[in-house]
Amino acid sequence: MNTYSTDQSSYPRADVDPPSGKLFPHKHLLGIWGLDPTAIKHLLDVADGYVDLNRQPVKSAPTCAGLTQINLFFENSTRTLMSFEIAGKRLGLDTISMATGNSSIKKGETMLDTAATLNAMHPDVLVMRHGDSGAVKLLAEKMDCAVINAGDGRAEHPTQALLDALTIRRRKGSIHGQTIVISGDVAHSRVARSNIYLLNAMGARVRLVAPPTLLPADIDRLGVEVFHRMEDGLAGADVVMMLRLQSERMNGAFLPSLREYYHFWGLTREKLKAAKEDVLVMHPGPMNRGVEIASDVADDLDRSAIEEQVEMGVAVRMACIDILTRDLRQKDTAEVRV
Amino acid sequence: MKTAYTNARIIDPATDHDAVGTLMVEGNLIEGYGADIDTSAATETIDCKGRILCPGFIDMRAHAVDAASALAGGITTIILQPDQTTIIDSDAVVERIRHRSVGSQIVSVYPMGAATQGMQGKQIAEIGQMQQSGAVAFTDCNQAVSDAQVMRRLLEYAGHFDALVVQYAENAELGAGTIAHEGEVATRLGLASTPSAAEAMQIDQDTRLADLTGARLHFALISSKEGVEAVRAAKARGSRVTCSTAPHYLHLNDNAVEGYRTFAKVRPPFRSEEDRLALIEAIADGTIDTLVSDHSPKSADVKRLPFAQAASGIVGFETLLALSLSQVHAGKVDLMTMLKALTINPARLLGLPTGTLAAGSFADFVIFDPGKPWRIETETLISGAKNTPFDTLPVQGQVWQTIADGVRVFERS
């Protein structure tokens, strides 16, 4: 009997069961760049399980009880920070959140000194957000524990890309073969970059739609199709992800005005007609209603997955924390037995 | 007291001389060189064993004196940039630096003065008095004098003193806040980036002003193909324009910043592979006149930071020769052209009495083994700073002895 699946849509066996025997052979989650499809699929599979758990009345699965999680945010955040904190707590970790406002960063301490200080307190998971690209990677080099990137500069926001992927997979059945449009301020967006890497790795067709001022140089070399007209980019799309437009980009430096941006690039019912009937509308939040997205599109129960994305966020973050601490927990129990 | 340096391959780029022979030094001056020099009067004879003997290198762009490191790299003349703790924008500061240099007797230090007061790009600095005190050129160092009106008047005024103006070639608006070359790597890493066009635009604008005023103009660090083309075009129409680059731009492209390596953070940034190749070609055909180290020692404290916050610059003295020679070994640039860019070309641009082995000139020269293989290792660098992206790189060509003012100031055992 042939025990291997002949279904073309499933992954070949070598991918599912990698030679190293580890489905996620990384110490940290610093970005999607460099993750293979197996690792991504594994993260999504585990997260899928946590979605079910999160819908139970009792949501705790204290598999990580006794471990410590520090959320270190050098940049303002509400939803990501909350999401990580809830994820940690549901897994039974002791979570501590620190925002720059009450840290010694303002007293002139360098980031690496802060890292050394935190490292000495022996956390097991460090979740970090920073305004500079590459900052989380730099810090991870100094930490003994698992580090999760919660967004660094314009570079990466891996958990956002994973939660977007989980949302798409659950709604559409698979990511492979979907035509996915990312629209908005790609130039300054870490969400866009992480999503491009992830969706490409999983076999989606990725399109970008934005005015030229909001697209970085040579972005097409990352394996995307670039459009400037919304109607062209949306034609036949299965999914459309809108990006948040920062207010400081709107006053003439990158765009003439809000009014003009909404006119050409705001997602409205009218423009959405070019996409497939069952197009899925997504947004990483927080939304600017009437700027990048019309309210009736954002609130469309059939097509908008915006609230679902937030729900998936907790599950994905639980999966990341769970997977990155698995070795640690196994090692600990082994040591206790001895 | 006379010293004979025998059995040396003597290269004097000032006269295109390249032959094996003997060089005779009396006191701190070169007495002469040739194949049939009488060495009987010599009190000391050094057998160079076929190594190359050429004038000491003149580094037209250094941000620190770091003398021991310079001498180990065969550099006997340093042109200090004005971006010191006290900005070199007055004759008093110039004099202090010159005085210290003359007394030290090891490495000659000539300051470049600021082109504008406080390097602010607004008012012309005291060029005449600084020149009298020993400043050899005028520059705002890491930033372009961007205002065309200020630049025009600066060139006109400097032209009166026949002073060389050195411009950092980057359009200020396009370059503001950028830390990388615009392209795929910067896009993927999420780094604010500047296009090569920013360099070419500044060159185009300023060469027009040089034509208008008839003044001499030098561009500090050319990094792009577009920049090279702009200089080449200006030279072709007869502008009095020259330019430099640093050997690290011949070695690395923007892939070097992959993984947010701050040791590869330089200004201007490493650009594309196409740009790198264009720079090598421009050295070979003489479009680029001089090679500089852009020596910029930085401590780990200011390098071990997120890429955007980290300091720019690399230590370049000790790797200047080997990195330059690698293009010679690769057959891309001939040895004489390369050595001209390190000796006589900067000497002529700046009006210095060095850069030649002519009889009667100061005995500033270097003896090096062009083929000797070695490995660049940060731990063995003489410079206290270790900020080089070339750690562990195997290279060929090493300084054996450096002689400054007739004195052997560096010798590798």
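We name chains A, B, ... by the order of the sequence lines, and we start the count at 1 in each one.
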Report the option among B/Leu189, B/Leu191, B/Asp301 that has the most heavy-atom pairs separated by less than 4.5 Å from atoms of chain A. B/Leu189
Top residue by heavy-atom pair count (under 4.5 Å) with chain A, among B/Leu305, B/Thr187, B/Thr262, B/Val185? B/Thr187
How long is the gap from [atom1] on [X] to [atom2] on [Y], to the nearest 0.5 Å?
X: A/Asp220; Y: B/Glu184; atom1: CG; atom2: CD; value: 8.5 Å
X: A/Asp132; Y: B/Tyr260; atom1: CG; atom2: OH; value: 10.0 Å
X: A/Thr110; Y: B/Gln309; atom1: OG1; atom2: CD; value: 9.5 Å
X: A/Lys142; Y: B/Arg304; atom1: NZ; atom2: CZ; value: 5.0 Å
X: A/Leu138; Y: B/Arg261; atom1: CG; atom2: CZ; value: 13.5 Å

Heavy-atom distance under 4.5 Å between the side chains of A/Asp218 and B/Glu182, does that happen here? no
Using non-hydrogen atoms and a 4.5 Å limit, figure out which bit of A/Arg221 sits close to chain B: side chain, backbone, both or neither. both
Examine whether an atom of A/His188 lies under 4.5 Å from a heavy atom of chain B, and if so say whether it belongs to the side chain, the backbone or both; otherwise answer neither. neither
Closest approach of B/Ala192 and A/Arg154, non-hydrogen atoms and distance? CA-NH1, 3.8 Å
Taking all non-hydrogen atoms of both residues, which atom of A/Ser133 and which atom of B/Gly190 are closest, and how far apart? OG-O, 2.6 Å
Other residues, nucleotides, ligands: >12 heavy atoms within 6.0 Å of [X] [atom1]:
X: A/Asn76; atom1: CG; value: no
X: A/Lys137; atom1: NZ; value: yes
X: B/Glu274; atom1: CD; value: no

